[in-house]
Amino acid sequence: MEAEFDVVVRARDELADGVVALELERTDGAEMPHWRPGAHLDLVLTDDLIRQYSLCGDPADRTMLRVAVLREADGRGGSAHVHDQVGIGQKLRVRGPRNHFALEPSDSYLFIAGGIGITPILPMIRACEDDGARWRLVYGGRRRASMAFRDELQREFGQRVTLWPQDERGLIELAGVVDAAAEGTSVYCCGPEALIAATEAVCRERPGVTVYVERFAPKDQAVGESGSFEVELARSGRTITVAAGVSIVDALAEHDVQVDTSCREGTCGTCETAVLSGVPDHRDSLLTEEERAENDVMFVCVSRCRSGRLVLDL
């Protein structure tokens with residue numbers, strides 16, 4: 001089971017136009033769980049409003065966790081709730097951290113961030129600095145005033161940081177940016193779907209680089225049939241039929257088998273479940289193609305079955 005605990009907002013700062021940062025400390029005075037760059041946290045804002053935000057503080061500081069939240073005009077209500085109703089002294093329930101965007105060892109790094117996608121990248125950069133690794137950041141946004149952390153990034157890291165405000169320079173010239181990367185570079189990208197998809201496309205044409213991405217929303221993807229199938233629960237031996245159009249999570253809940261969920265759209269990783277037998281129909285936005293091919297885990301809020309039957313470690 002992942003950590004779940006109560007926190008209180010000890011500080012709130014306006015980082016940029018439409019971006020607010022929250023510093024959270026535990027109400028029980030205990031240390032925060034250990035986390036690595038790339039991790040995110042669930043904020044339980046209300047009983048039916050749970051949202052995930054990347055940690056952008058210092059993993060070595062066990063007294064608090066820091067998140068930054070962009071107000072999304074067309075969002076689902078979580079960011080508006082944070083901006084309008086969460087202030088200093090507010091108590092919240094949190095879950096995690098969890099990490100599906102971990103910083104892997106590499107000869108060099110190219111970070112590509114768009115807008116609020118800078119949040120998981122920030123602790124990665126500091127980790128690279130601590131390790132003496134080679135890195136470069138290209139950071140895009142609609143305009144300078146909307147780009148959180150822009151001043152401190154340029155002040156601390158100088159020419160290794162390239163700011164790319166769209167109203168001044170247009171879209172990031174990804175082909176040139178990636179072409180300039182050394183052989184063996186790891187590319188880490190987070191931001192809007194259009195930026196992530198374009199970065200993945202450019203990197204596919206350059207076998208000398210490896211790309212890692214994190215999405216805040218589900219990616220567009222072709223999906224298979226949505227017919228019924230069976231799920232066997234290995235720990236109890238029970239078999240449950242998942243009807244067409246019903247998620248595995250909901251089918252299990254109908255039989256009083258609860259699986260922790262949060263986003264319910266295959267982006268947060270809360271419902272990750274080990275697959276012991278069968279072939280999943282992966283519909284998440286987290287696993288790489290190589291990870292999908294291994295078929296040893298799946299995200300049961302969205303993914304289904306290609307083999308007629310799955311045996312899950314539940």
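A quick note: this is a predicted structure, and the numbers were derived from the prediction, not measured. Side chains included, hydrogens not; waters and symmetry mates left out as well; all remaining heavy atoms used.
- If you look at Tyr212 and His100, their ring centroids are not closer than 6.0 Å.
- Taking a cutoff of 4.0 Å between a charged side-chain nitrogen and a carboxylate oxygen, Glu156 and Arg126 qualify as a salt bridge.
- No more than 12 heavy atoms of other residues, nucleotides or ligands sit less than 6.0 Å from atom CD of Glu173.
- Of the charged side-chain nitrogens involved, at least one lies within less than 4.0 Å of a carboxylate oxygen, so that Arg235 and Asp313 count as a salt-bridged pair.
- Closest approach of Leu310 to Ser307, counting heavy atoms only: CD2-OG, 4.4 Å.
- Residue Gln159 places its CD atom among 12 or fewer non-hydrogen atoms of other residues, nucleotides or ligands, all under 6.0 Å distant.
- For the pair Val297 and Val275, the minimum side-chain heavy-atom distance is 4.5 Å or more.
- Nearest heavy atoms, Thr27 versus Val8: CG2-N, 4.0 Å.
- Side-chain contact between Phe101 and Cys190 is present, with at least one heavy-atom pair separated by less than 4.5 Å.
- A salt bridge does not link Glu232 to Arg238: none of the charged nitrogens lies less than 4.0 Å from a carboxylate oxygen.
- For Ala102 against Tyr188, the heavy-atom pair with the smallest separation is O-OH, 3.1 Å.
- Separating the OG1 atom in Thr270 from the CD1 atom in Ile50 is a distance of 8.0 Å, to the nearest 0.5 Å.
- Look at Asp260 and Arg95 and you find no salt bridge, because none of the NZ, NE, NH1 or NH2 atoms lies under 4.0 Å from a carboxylate O.
- Taking the charged nitrogens against the carboxylate oxygens, Arg142 and Asp17 have no contact shorter than 4.0 Å, which rules out a salt bridge.
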